[in-house]
Amino acid sequence: MTQPVDDIHAADQRRGVRRTVKILVAVVIGFYLLAFLQILLMK
Amino acid sequence: MATAGLALATFGGAVQANPHPWQLNMERGASTWSHVPYDLNNISLWVCVVIGVLVFGAMFVAMFRFRKSRGAVAEKWAHNTVLEVVWTTIPVLILITLAYLATGGLTSWADTTGSQMTVKVTGYQWKWRYDYVSYMGKPIDKVGFMSRLDKQSDDTRQLDSGMDPYAVKVGDEQTYLLNVDKPLVVPVDTKIRFIITGGDVIHSWWVPALGWKLDAIPGIVNAAWTNIKEPGTYRGQCAELCGQDHGFMPIVVVAKSKADFAKWLAEQEAASGKSLPPPAPIDAGTAATAAATTPPG
Amino acid sequence: MSYAATHDQHDDHHGAPKSFFQRWCMSTNHKDIGTLYLIFALTMFFIGGSFAMTIRAELFKPGLQLVQPYFFNELTTMHGLIMIFGAIMPAFVGLGNWMIPLMVGAPDMALPRMNNLSFWILPFAFLLMLSTLFSPGGAPAGGWTMYPPLSLQSDSLAYVVFAIHLMGISSIMGAINIIATILNMRAPGMDLLKMPVFVWSWLITAFLLIAVMPVLAGAVTMLLTDKYFGTSFFNPGGGGDPVLYQHVFWFFGHPEVYIMILPAFGIISEIVPTFARKPIFGYKAMVFALACIAFLSFIVWAHHMFAVGLPLGADLFFMYATMLIAVPTGVKVFNWVATMWGGSMTFETPMLFAIAFIILFTIGGFSGLMLALVPADFQYQDTYFVVAHFHYVLVTGALFAIIAAAYYWLPKWAGNMYSEFWGKVHFWCSVVFVNVLFFPQHFLGLAGMPRRIPDYNVAFANFNMVSSIGGFLFGASQLIFLGVVIHCVFFSRKKATDRVWEGAKGLEWTVPSPAPHHTFSVPPVIHDEELAHGNVHA
C-alpha cells in the first residue's frame, strides 16, 4: 500500500531542499570567508 | 668524566625510575610532585576498573540470561526515568571527585615561584641544549652545553648496523637510545625552575621520573619546576615529533647531592675559562637564600 | 511490505544502466554511490593498513631493520591521514548514502548529481596525497596533525594541502546533501523523533562537518602561505605563533573525532535492538546524548594541547569540559546495556561486533577519561598510552561499527546471505588480535615510550613484539572480511529474505533484497509499529 502520489508534497520537498541547501551553502561560504578573513587580518 | 659520574650515579641511585622490561604501570617518580600524576593515574584506573566491572558484568549477565536460545522472550519496556537519572548523576559525582583531585595537583604544578635554581632548556633538531642560568640566587656564567645521543647508541641505531641494542650498557643498565654524551646535572632537594624553548621546531622535554613533559616551542618560553628527592640518573626522551631523528634525542638528568653538585658546577665554571669565585658552597648558599631554602640534609 | 505494491509498478522499468562507465562513473543513484564509497574506503583501509604493518614490522624489535627514520615518519603520517580521511570517513558516508534514503523513505538523496561529484573528488584527492610517496622529497613526515614549523620543512606540503582541500570540499558537499535529505525528503509520517538513531547521528555529524571542515581548510591554507608566500602566521621569526596552528587545528580536530564516532553510535543503536528484539532503551536520551556530545566537542579542543604550556585557567576549563563528555557517553553505553537487558538475544556476526564495540569502545573511553586529567596527561601525552587510547576508539570503535554495519546490511545490499561461519571466524580473530595489538601499548606508554619513534630502548622490546604479532594477525584477519564480502556478493547462493533479520524493524527492511535500483519512488505509508523507533514515548 502506497500513498497516492501527491504533487503538493513533491513540490514542498523540492522547495525545502532548495531552502536547506541555500542556508547551508551560505553558512559554509561564510565560514570559509571568515577563515580567510582571519588569514588576511592576521597577516 | 660525564660517563663516570653517570655510572656512579646509576649505582648509587636507589630509585627505580627508568623503564624496565614488562613494566605495566607508571612509576611513582623521583620528585616531590611526581606522585601527583602517579596517584591520579592509579585512582582513575581503579575507578574505571570498578565501573567497567559493573557495566560489563551487567552486560554479560544480560547476554547469558536473555538469550533467545534459553527461551527468553523480549520485554516491551524501553524507558525507566529513575534509572536514567541515577546513571547520569553517579558519573557526575565521580567526575567531580576526580576533577577536584586533579585541580589540586595541577595548581601545585603551575606554581613555579620560590625556585632556587634556573636551567634553560632548548630543543634543537636533534639534541638538547642546557644553560645554567642561576643557582641559589646567583647568576651562573657560561655554563651551558649540548646534550646528544651517546656514540654507542648512535652507532647501533643505524639501519642494518648489525650491532646489538642489548649490548648498549652503562654498568648493568641497558641504555640503548636513553643515554647522552653529556647529561644535565642538577642538585637534589632544590626547587629547580626549567625554562623551556625550541630552537627550530617544536620538541617536548620529558623525563618520566619528574612527572611531566612540556613542549619546547620556538618563540615561546615555557616554565615548569621540579624538586628531585634522591640522587640518581633519570632518563627521558623528546616527546613531540620533531623530524627524522625524533626518536634519537634522549634526555638524561643526573641528580647529585648539593655538595657534589657545587663541586661539579665549580669544575664547569673553571672549564669555561671564567675564573669566578667558586660557586656558593652549600652553607653560603643556604645563608644567602635562607628564606627559601630547606637546610641540606 | 508497504513497498511491495510499488515494486512491480515502477522500478523494473528503469533498472541500473547497462554500461559499466555509465553505471559507476556517471551514477546519481544513492545506492551505487554508496557502494563506491564503501569500496573506496575498503581500498584505503588496506593501503593504510599496509603502512601500519610496515610500522609494526619496524617496531618488532629494537634497532632499525627495515626503514630509515624519515620514511618511518612518512609512514605514520600517511597511515593517519589515509585511515582518517580515506577509510573511516568515506565508509560512514557510504553507509549514510546507502541507508539514509532507505531509512527515511526517500527515493534518493536530495542532490544526486552533487552526490556523484562528492565521491569522484575523493579518488583524485587521495591519488594526489599518495603520489607524494614517490616524489623526490618524500611524503609529508610531520604527523597527520601537520604541526608547524616541522610540517613546513616538508617538500610535499602543497600536495597534502590541496588533497585536504579537495577532501574537505567533498565532505562539505556530502554533509549538505545528507542534511537536505534528512530534513526534506522524509516520507510523510516519518517524524524527526521517529527516525532511526543512525539517521539522527548522521544529521548531527553532518552539522559538525559543515562547521569544522572550513576551519581545517583555513589552517592548512595558512601553512601553505607560510611556506610559499612569505607569511608568518606560525613562524615566530616573523611574529607568528606555532601554538596558534594547534588551536585552529584542534578546533577542527576534536569535532572530527566525533565525526568518526557519532555515526558508529548510530549503527550500534540500530543493531543492538534488532538482535535483542527489544526497542532501544531511552530513544530520546540517545538522541539528546548525541547532540550533547556534538556540542561539547567544540569546547574541548585544547585537551590535545595540555603539554604546550597553556595558562592554568585554560588547562582547568578544558579538563572540566572534557570530563563532562563522559556523562552523555556513559548514558549511551548504559542505554545499550539496558536495551539488551530483558531482550531475547541472538548473536549473529553484526551483534558480535556491536557487543565488542560497546566493551572495547568503553575501554577507550576509560583511557580517555584518564587522559582528561591534566596532571596525569602530562605523563600520558604523546606516549603509546595515547596511541592505545585512540586506536581503541577508532579501530575497535569506529572500524568495528563499520564492520558490524557491513555485516548487518550486506544481505540487503547484495541480496545474498554472507557466510555466518566465516563471519564469526573473522569476528573472533579480529577481537582477539586487536587486543593483543593495542592493549600492550597502554603498558608501553605508561612505562615511558613516546609515540612516533622508529626505535626504542630494549626495556620496551617485549610488549612491542607482542603488539606487532597482534598487529600482523589482526591485519591478516581483515583478509577474511574481504573474502566474506566477495563470497557474499558474487558466490553466495543463500538468498536473503526482505527482512533479513528476525528482529529487524524499519523501512529499509520493507524493500526487497537486494534493494532494487530505485526504491520509494512513491513515499511509503508509515506504520509506527513497523519502525524501529515508531512508538517513542520517552
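What you see is a predicted model, and the numbers here were worked out from it, not measured in a lab. Residue numbers begin at 1 in each chain, while the letters A, B, ... track the order of the sequences. Any value given below was found using the heavy atoms of this structure, including those in side chains, with hydrogens, waters and symmetry copies removed.
For I176(C), the parts lying under 4.5 angstrom from a heavy atom of chain A are both the backbone and the side chain.
Rounding to the nearest 0.5 angstrom, the gap separating the CG atom in N184(C) from the CZ atom in R14(A) is 12.0 Å. If you take CG on N177(C) and CG on L24(A), they are separated by 10.5 Å, rounding to the nearest 0.5 Å.
Within 6.0 Å of atom CZ in F295(C), 12 or fewer heavy atoms from other residues, nucleotides or ligands are found, so the atom counts as exposed in its surroundings.
Here T20(A) is the residue among I23(A), T20(A), V27(A) with the most heavy-atom pairs under 4.5 Å with chain C. Ranked by heavy-atom pairs shorter than 4.5 Å toward chain A, the options G239(C), A110(C), A211(C), A106(C) are led by A211(C).
Taking all atoms of both residues into account, the shortest heavy-atom contact from V21(A) to A180(C) is CG2-CB, 4.0 Å.
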